[in-house]
Number of protein chains: 2
Amino acid sequence: MAKATAPKTRRGIERRAKILAAAETVMGEQGFPAASIADITREAGTALGTFYIYFSNKEEIFRELVLEMGKVTRKMVAEAIADAPDRLAAERAGLAAFLNFVAKRPALYRIVEEARFVDPEAYQRYFTSFGDAYAAQLRAAEAKGEISPGDADIRAWALMGMAKALGDRYVIWDDVPDIDRVVNEAHRLICRGLVPDAAG
Amino acid sequence: MAKATAPKTRRGIERRAKILAAAETVMGEQGFPAASIADITREAGTALGTFYIYFSNKEEIFRELVLEMGKVTRKMVAEAIADAPDRLAAERAGLAAFLNFVAKRPALYRIVEEARFVDPEAYQRYFTSFGDAYAAQLRAAEAKGEISPGDADIRAWALMGMAKALGDRYVIWDDVPDIDRVVNEAHRLICRGLVPDAAG
DNA sequence: TTCAAACATGAACCGGTGTTCATGTAACCC
DNA sequence: GGGTTACATGAACACCGGTTCATGTTTGAA
């Protein structure tokens, strides 16, 4: 396994980026096992051997994709909730942003989920870092009295799980997803839970 | 691809069952791509070729595992919530049962999740049938006034997602999971959501 | 006991793919 | 413009695993 070194010329930087983008496309469509290096380099318009100039093996490029997507997703959600007036509004905005992200880049979403099997550590890191940030926000909101007290970590994971499942069912599997409706209904559940109103 | 026919003798029935059980073990541990037919037949104590007497190919046995587990899981949850006095109690019992099931049979849980990539249709059927049953229960509870009104399907999927995420984080990834604590906290979220108490 | 159908075996077949390498070409610095 | 480093190429290598098949053994009904 040769050590892939970082590119040092403009051409090298471009080639590496092209191969990474091709891997995102091919692995996102076909999945990790079915995506061959030959497929990836063909999509990138380079020779097979070029791959090994920039990446030491197939799993390394996959891990880099997962890492990159972690950054993209966190940044996207952070921006989406940046000017929410309070935590409950942030929950709505974050969920909406996530579902729209899944709709726009299903390949990325697939790659992250596949990491559970291809590179469990990367998968765990991805969600742990997301969950930690989420829980910190919940703690801050609790301190401000914007939400009720409770275990922030458990809540964070529960809410992430909700978002993932809704993304599967109502974005990935639906032909014409009505994201707003899903967000509205889910947000009511997040805010008030299942108990009937005292008035009812 | 030869057509694998159903076994007709006692020996045949036993062999087939042994191979299926071996597949559950090996695929649950190593995952679908890494689990070779040779691994499976070795674990089953049979010759390689015997596999193809009972299953036409590797994906077929995987699909059968997913199907079988769908039945097991649904039955298990149904029994767990059978004598819950109302829907909110059923939510607690069902979540606890699911998390304990994940703790007891992590290999089965892994196989179901891997079906997302190996056999997407089987995966979708698994969760759709689960989700349909869940939603029906929520509708019945809503009619009885046990829970607030809302879209039962969306709620069902949101709640399934919560359970899955909590299973990942607090059962699969934790060394010494404290399932009761997770159930308690999650149940409060399910019941009351995040909004602060009116009294607070 | 007999015999046809069912089952068991594992070596061989077959296609595929991750990785390497010897040979060549382009980029950049002095 | 010469030379060193960086990069590009694709055929060849090495290995692996799903599937088949010809040959044998067991089963169970008559």
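Keep in mind the model is a prediction, meaning the values are calculated, not measured.
Counting non-hydrogen atoms under 4.0 angstrom, B:Thr46 reaches the backbone sugars and phosphates but no base. If you check every strand for non-hydrogen atoms under 4.0 Å, A:Thr50 touches a base.
The pair A:Glu60-A:Arg63 fails the salt-bridge criterion, with no side-chain N (NZ, NE, NH1 or NH2) lying under 4.0 Å from an Asp/Glu carboxylate O.
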Side chain to side chain donor-acceptor pair (under 3.5 Å) evaluation trace for B:Arg15 with B:Thr9 = CA-CA 10 Å; B:Arg15 274 276 199 266; B:Thr9 77; over 6 Å; no
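The residue among A:Leu48 and A:Arg11 whose nearest nucleotide of DNA chain C is located toward the 5' end is A:Leu48. Nearest-nucleotide positions on DNA chain D place B:Pro33 closer to the 5' end than the other of B:Pro33 and B:Arg10. Where B:Ala35 and A:Pro7 meet DNA chain D, the nucleotide closest to each residue was compared, and A:Pro7 sits on the side nearer the 5' end.
Looking at heavy atoms from C-beta onward, A:Tyr170 lies out of side-chain contact with A:Leu99 at the 4.5 angstrom threshold.
In the set C:dG18, D:dC7, D:dT19, D:dC7 carries the atom at the smallest distance from any side-chain atom of A:Lys8.
Residue B:Tyr52 has a polar side-chain atom (N or O) positioned under 4.0 Å from OP1 or OP2 of D:dT19. Close to C:dA6, at under 4.0 Å from its OP1 or OP2, lies no side-chain N or O of B:Thr9. Side-chain nitrogen and oxygen atoms of A:Arg15 include at least one within less than 4.0 Å of the OP1 or OP2 phosphate oxygen of D:dA8.
Following rounding to the nearest Å, A:Ile53 (CD1) and C:dT19 (C1') show an atom-to-atom distance of 13 Å. Atom pair B:Ile37:CD1 and C:dA11:P shows a separation of 17 Å (rounding to whole Å applied). Rounded to whole Å, atom P of D:dT19 lies 11 Å from atom CD1 of B:Ile40.
B:Leu67 and B:Met27 fall into different hydrophobic clusters, where Ile, Leu, Val, Met, Phe, Trp and Tyr side chains are chained together by heavy-atom contacts under 4.5 Å.
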